[in-house]
S.K.: 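Pasting a structure here, questions to come.
One-based numbering, in listed order, for ligands and for the atoms of each.
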Amino acid sequence: MGPLESASDSMAELDALEAEGVKAFHSAANADELETARIAFLGQKQGRVKSAQERIKTIPSDAKKAYGQRFNAVRGALENAWEDGKKRFDKPAAIIQGLDVTLPGRAPRLGHLHPLTQTATELIDLFGRFGFSVARGPEVEDVFHNFDALNIPDSHPARDPLDNFYLPGGFMLRSQTSTVQIRVMEKQPPPVRVIAIGRVYRPDTVDATHSFMFHQIEGLMVDRKVTMADLKTVLRLFAQSYLGEDVKIRFRPSFFPFTEPSVEVDMQWHGGDRWVEMGGAGMVDPNVFRAVGYDPDKYSGFAFGLGIERLCMRRHGIDDIRLLYKNDTRFLEQF
Ligand code: PHE
């Protein structure tokens, strides 16, 4: 542009500047593009508005006034267009108004394992240290594994339909994890040292220490010369490790068709004089060995079956078994 340029050309330039500038500000898709347009048009050093302003020196004096007025209008229009663009991209900041980034964060709530699952995991760990590995069996069991193979005669009251959940076709919901003893011995020769953990079902009336479904841990050890002393030692060591050195347990003579002799094992309940049954145990009956093809003259063994809920309750001071099944997070969060 030189001094020779005509006044009408200069006015046309101002029109073009206005049109291009407004378009650039309106079409900016984000704050960065808007800033690029601002520098190109309104920039203090080399912006096109600045050059148009400087050009006024070259305008013939009779056209200067008109040029100046038109220039002011164009500059105003571009500044407005830029302000409009700024408002568009300022919006997010308006939305997070009131956000105080200096406040401490809110930690996400993490879930954790149910106390019974935690107990089962600890028991597996503890008995693992005594050399017991984990075995499994089905919850829907056949009557043979739940009763016959365990030396429980047809006439035995434990088979009473009122005490069991029978299913069609010779099946039932297992009433004890002793079924897994049989399943393990059917499959492997001695020596055996296993535990089995799982649900068992009995139509008991529900109260603070009973439920129609609960969990048992079954233990079975078979080898040459396993004795009752081994059984008592393992159970005592277990109780002391899981419930604490000072826990008191006692063995009462009892009867189970699949062990001889048999005992019931009690633990002292939450301090006090009350004893609560922890489970049953005994020396594997020779008839059970015969049913699975083990030689009772060569091998002996012990078995035990303990209630996991009661162990968990005794350990944590829980006084009602029903709390373990309610899934009330106010309870569960304490473990
Ligand atoms: N199965 C027995 C019960 O549920 C407990 C038990 C297991 C007793 C192993 C002796 C040996 O009552």
S.K.: Any N/O of Gln216 closer than 3.5 Å to an N/O of ligand 1?
M.R.: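 Yes, there is a polar N/O contact under 3.5 Å.
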S.K.: Are the ring centres of Phe256 and Phe258 closer than 6.0 Å?
M.R.: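 Centroid distance Phe256-Phe258: below 6.0 Å, so yes.
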S.K.: Which residue holds the protein heavy atom closest to atom 8 (C) of ligand 1, what is that atom called, and what is the gap in Å?
M.R.: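 Result: Gly280 C, 3.4 Å.
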S.K.: For Phe335 together with His112, are the ring centres under 6.0 Å from each other?
M.R.: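 So the answer is no for these two rings.
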S.K.: Are a donor atom and an acceptor atom from the side chains of Glu309 and Tyr325 found within less than 3.5 Å of each other?
M.R.: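 Looking only at side-chain atoms, Tyr325 and Glu309 do form a donor-acceptor pair, the distance falling under 3.5 Å.
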S.K.: I want to know if ligand 1 touches Ser175 in the polar sense, i.e. an N/O pair below 3.5 angstrom.
M.R.: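 For ligand 1, there is no N or O atom that lies under 3.5 Å from one belonging to Ser175.
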S.K.: Out of all atoms in ligand 1, which are within 4.0 Å of some heavy atom of Thr259? Include the element for each.
M.R.: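 Here the atoms of ligand 1 in question are 10 (C), 11 (C).
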S.K.: So which protein heavy atom does atom 2 (C) of ligand 1 come closest to, and at what separation?
M.R.: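 Heavy-atom neighbour on the protein nearest atom 2 (C) of ligand 1: Gln176 OE1, 3.6 Å.
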S.K.: If you measure from each non-hydrogen atom of Phe304 to ligand 1, which part falls under 4.0 Å: side chain, backbone, both or neither?
M.R.: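 Only the backbone of Phe304 comes within reach of ligand 1.
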S.K.: Assess Met283 for proximity to ligand 1: is some non-hydrogen atom of it under 4.0 Å away?
M.R.: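 Checking ligand 1 against Met283, which is what was asked, there is no heavy-atom contact under 4.0 Å.
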S.K.: Mark up the atoms of ligand 1 that fall under 4.0 Å of a heavy atom belonging to Gly305, in ascending order.
M.R.: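 Per the distance check, 6 (C), 7 (C), 9 (C).
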S.K.: Return yes or no for this condition: an N or O of Glu218 is under 3.5 Å from an N or O of ligand 1.
M.R.: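 There is no such contact.
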S.K.: Is there a donor in the side chain of Glu218 and an acceptor in the side chain of Gln181, or the other way round, less than 3.5 Å apart?
M.R.: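 Present: a donor and an acceptor within the cut-off.
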S.K.: Do any heavy atoms of Ala281 fall under 4.0 Å from ligand 1?
M.R.: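 The answer is yes, since Ala281 has a heavy atom less than 4.0 Å from ligand 1.
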S.K.: Using distance alone, determine whether Gln181 and ligand 1 share an N or O pair under 3.5 Å.
M.R.: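 There is no such contact.
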S.K.: Between Asn146 and Ser175, do the side chains contain a donor N or O and an acceptor N or O under 3.5 Å apart?
M.R.: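 There is such a pair between these side chains.
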S.K.: With ring pair (Phe, Tyr, Trp, His ring centres under 6.0 Å) as the test, would you mind laying out the steps for Phe304 and Phe127 before giving the verdict?
M.R.: CA-CA 13 Å; Phe304 59 83; Phe127 277 102; 5.4 Å; yes
S.K.: Is ligand 1 less than 4.0 angstrom away from at least one heavy atom of Ser178?
M.R.: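 A heavy atom of Ser178 does come that close to ligand 1.
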S.K.: Any idea which heavy atoms bring Leu17 and Ala52 closest together, and the distance?
M.R.: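 Smallest heavy-atom distance, with atoms named: CD2-CB, 3.9 Å.
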S.K.: Can a non-hydrogen atom of Phe302 be found less than 4.0 Å from any atom of ligand 1?
M.R.: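 No.
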S.K.: Evaluate the ring planes of Phe302 and Phe132, with Trp represented by its six-membered ring, and classify them as parallel (under 30°), tilted (30 to 60°) or perpendicular (over 60°).
M.R.: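 If you compare the ring of Phe302 with that of Phe132, the planes turn out tilted.
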S.K.: State whether the side chain of Arg314 and the backbone N or O of Gln268 hold a donor-acceptor pair below 3.5 Å, judged by distance alone.
M.R.: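 Yes; at least one donor-acceptor contact below 3.5 Å.
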